[in-house]
Amino acid sequence: MEISKTYSPQDIEKKWYRYWEDAGYFAPKGEGKPFTILIPPPNVTGILHIGHVLNNTLQDVVVRYHRMKGEPTLWLPGVDHAGIATQNMVEKELAKEGTTRHEIGREELLERIWAWKNEKGNIIIDQLKLLGASCDWNRQRFTMDEMLSRAVKEVFVSLYEDGLIYKGKYIINWCPRCVTALANDEVEHADEEGKLWYIRYPYADKSDRYVVIATTRPETMLGDVAVAVNPHDSRYKELIGQELILPLTGRSIPVIADDYVDKDFGTGCVKVTPAHDPNDFEIGRRHDLPQLLVMDEYAIMNEEAGAEFAGLSRYQCREKVLELLQQQGLLEKIEKHEHAVGHCYRCTTSIEPYLSDQWFVKMQPLARRAIEVVENGKIRFQPARWTKVYMHWMNNIRDWCISRQIWWGHRIPAYYCENCGQMIVAKEAPERCDKCDSRRLRQDEDVLDTWFSSWLWPFSTMGWPDDTPDIKRFLPTQVLITAPEIIYLWVARMIMSTLHFKDVIPFDTVLLHGTVRDDLGRKMSKSLGNSPDPIDIIDRVGADALRFSMIFNTPKGADVIYSDAILETGRNFTNKIWNAYRFIMMNIEGIEGLPQREELELELADRWIYSRLAETTLEARNHYENLALNDATQAIFHFIWNDYCSWYIELAKDRLKEDAGSSSRLTAKYVLLDVMQASMRLLHPIMPHITEEIWQSIKELFPLPEEALIVAEFPEAKDADMQPAIRDEMALMQESISAIRNLRKQVNLPPATLVKIVAKTADDAQNALFEAYQGYFNRLARVETIESGKDVEKPKPAISAVVRNIELFLPLSGLLDIEQERERLQKQIDKLEKDLTGIKKKLDNQNFIQNAKPEVVAKERGKYSEVKTKLELIQEQLQDLA
RNA sequence: GGGCGUUUAGCUCAGUUGGGAGAGCGCUUGCCUUACAAGCAAGAUGUCGGGGGUUCAAGUCCCUCAACGCCCA
């Protein structure tokens, strides 16, 4: 068989993905308690970015692990219609064609978006497949599917009937470019260098007196309905109740007192503009002030602003207002002022607080149980610190503005009678007004916030409101894996909705992972242009290498610093595995008269590698269970690379050369194959493709009961395989071999030169071990003969080393640089003496002897004699040099 | 303004009940040893951010200061 020297993942990854998908392995199989993960649905507009890679790799690893444990496993996939984002995208296309959504109208825009969705909406799904994601694609959902739309309407009507949805006037965050309301969470705040203008408002009594107010937004003064001061501000006591003249408008406005006013801000006098500032809105409510709207939805000044301002943008208006105030001598001074300004999370336009009719969900009644289930541990966050973040938000929850003034989304199921104004909320469009019987009904123009469909994800995807078999079987799900940014937007709301409508928790564990950042610590984002294209990476190194590298570098919940450099670890590892496999295939055509494992004649290396395999299996299992995926990765990586490749394979080489049919040869072949196939099981969740390829190939030589690795059993560690005594014997061999290699290096012996070694051992067991496994020294340290014994004569001249209580000598026939050797030994002596002093100090301390745990004291004593022995032996060697 | 997180080898980061400082990459030296140079072998490298405290014992617990980052208002 011809196997290439370097691993090329492209064909292999595609081949096995197709195989799994065609064979239906992604669907839940079997009986028992299922394991379910809900995908955080990516935007239908999306293309895969590095953050998706992290999120979906973590999910796939967990899903594959549980599938291998034999649980009926479901990873339920889907995409989100992403209201504003998607509409924006299509609107951009319209702009290129020189038209707008208002010109083509609602119907046509929706047709365009659906066409766009059908054409490009599956891109991200296809990309997830390239990553190896083992979702059950037959269950793929879309938030605007018939099934999910039905759930949305059902929920809206139900909440409305329960009084949990209401319509109200409210000051909301408004994006004048997207022409829509934004939820608080959709507004991004950034500190900006602005100005504070001090403006004089004259008294209405025609005296020359005036008060000075400070504002960051002079254009909104046109909507002022009052000036407010703090009631405890002694400077303005007599001002309260007075009337002022609002400059540029001539309107008369009152001075009121309100605790909200900060005495130290500006002059302590503030203008009150209820229709254009959220705090002023609250003040206005408390004082029953009118709400004077002076801008339209595009942030263009309207007639109420006055004829000379109408039609100006908010920025043009500001210029004009300032200019006129200046002319009239009413602008007292200007100061620099840094303040936070809100921006639209989509288009970064400055948001405008805006008064309008909106729909709201009352959140407090829903939050109560969602708090309980986290308090009593039914739902756990990992890492646990996110619990506090969740609780803080839930305990201060505000009503949720769910209406959006766009067209793409679930339209609000509210209808208005054109005749009598009656409002009807219903799942199906009513034919007649239930009050006046008119047929002239008009549906609410607004659509629902995108999150209003995704907060129903745990049950809407399973067919709710019908009581489907899937709901019975898979709800509640187990683990939700997502980013902490959407704890409020999504996670908390799913907990509330699922408790409210299904009376169960949606999942029991929430794993929050970090953000992917670049090497400067900046979040990877399209706008910064610092995000690599994952598909390009997959083309270069393969999905397995990418997955491995991400997880290897991602401790639970921590941010990942990504740079292309981390990919090397994964790529090199795939290549390492590939070559180990290649070596096996080059040497093993098959196993003649395949023995049972019990019949094998296992030698030290065999027993040792099985023992290490068992330890690694146990570790991997624990780490997978605890979602400590990077720990699992590290353990398996270390086992395959260091234990299996560097030691076991190297030691097996000589045995493979032995006569065909010899017991040692047969055993080595068996163990090579067996440990390899078991390693592939451990690694499969992380690197699914290469492991399947190798495992399937081994299956042709070696009996394996399952038909595919993806559904093969995840190994369990057997206690009997973990043999500390064997480990210790092998460790002594390894330490000795390394010491000899080190000696060789000291005198720069070429690799081809064979050496004779003399070992002065301390007991017979050591002699027996060295005797029995001379071959190990020969293969791994190029040792021709090793003469060992308790009373061997120390050769001279020689360089030497100490392993535990054994002295190793490499005799030198030629010249020995005595000075250099003396220096080397002295360095070791210095180090050991320092160690010994430290240990002695501890043991001489009565407090330590009395207070420390007995096993710690015993350990310290053992260490003392060990170090002391070694020290004495090296000192002896130093003397012998002279 | 409030909350959270981070600070360990040149870089990116592990380090779970306090008890001999680790990985990957990088670096030095020697090797094309027929599985792998994307490799092998041998090495060097840390006042565990500063200060204080608890303890026989602190990277690990407590207090404090500093720098950086994130979230919320």
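A, B, ... follow the sequence lines: proteins, then strands. Residue 1 opens every chain.
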How many whole angstroms separate atom [atom1] of [X] from atom [atom2] of [N]?
X: Phe548(A); N: A38(B); atom1: CZ; atom2: C1'; result: 14 Å
X: His513(A); N: G5(B); atom1: NE2; atom2: P; result: 19 Å
X: Arg385(A); N: C71(B); atom1: CZ; atom2: C1'; result: 11 Å
X: Asn396(A); N: C71(B); atom1: CG; atom2: C1'; result: 14 Å
X: Glu650(A); N: C36(B); atom1: CD; atom2: P; result: 11 Å
X: Asn279(A); N: A73(B); atom1: CG; atom2: P; result: 13 Å
X: Tyr648(A); N: A35(B); atom1: OH; atom2: P; result: 16 Å

Inset, instruction - State yes or no: are the ring centers of Phe702(A) and Tyr670(A) separated by less than 6.0 Å? - result: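 Ring centres of Tyr670(A) and Phe702(A) closer than 6.0 Å.
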Legend entry - Axial cation check for Phe583(A) ring with Lys653(A), 6.0 Å and 45° limits: yes
Inset, instruction - Establish, for the pair Arg741(A) and Trp647(A), whether the NZ or CZ atom is under 6.0 angstrom from the six-membered ring centre and no further than 45 degrees off its axis. - result: yes
Legend entry - Test: Glu819(A) and Arg822(A) ion pair at under 4.0 Å: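 Judged by the 4.0 Å cut-off on N to carboxylate O distance, Glu819(A) and Arg822(A) do form a salt bridge.
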Inset, instruction - May I ask you to say whether Asp606(A) pairs ionically with Arg655(A), meaning some side-chain N is under 4.0 Å from a carboxylate O? - result: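 Yes, Asp606(A) and Arg655(A) are salt-bridged.
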Legend entry - Side-chain-base donor-acceptor pair under 3.5 Å for Lys5(A) and C36(B):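 Absent.
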Legend entry - Under 3.5 Å donor-acceptor pair, Lys653(A) side-chain atoms to A35(B) base atoms: yes
Inset, instruction - Could you walk me through whether Trp578(A) and Ile12(A) pass the side chain to side chain contact (heavy atoms under 4.5 Å, CB included) test, one step at a time? - result: CA-CA 12 Å; Trp578(A) 185 251; Ile12(A) 286 173; 3.8 Å; yes
Legend entry - Sequence-aligned protein contact record of nucleotides 16-23 of chain B, with B where the base is within under 4.0 Å of a protein heavy atom and S where only the sugar-phosphate is: ---BB--S
Inset, instruction - Please determine, for the side chain of Lys745(A), which listed nucleotide (G30(B), G43(B), A35(B)) has the closest atom? - result: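 Per side-chain heavy atoms of Lys745(A), the pick is G30(B).
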Inset, instruction - Report yes if at least one side-chain N or O of Arg741(A) is closer than 4.0 Å to OP1 or OP2 of A42(B); otherwise report no. - result: yes
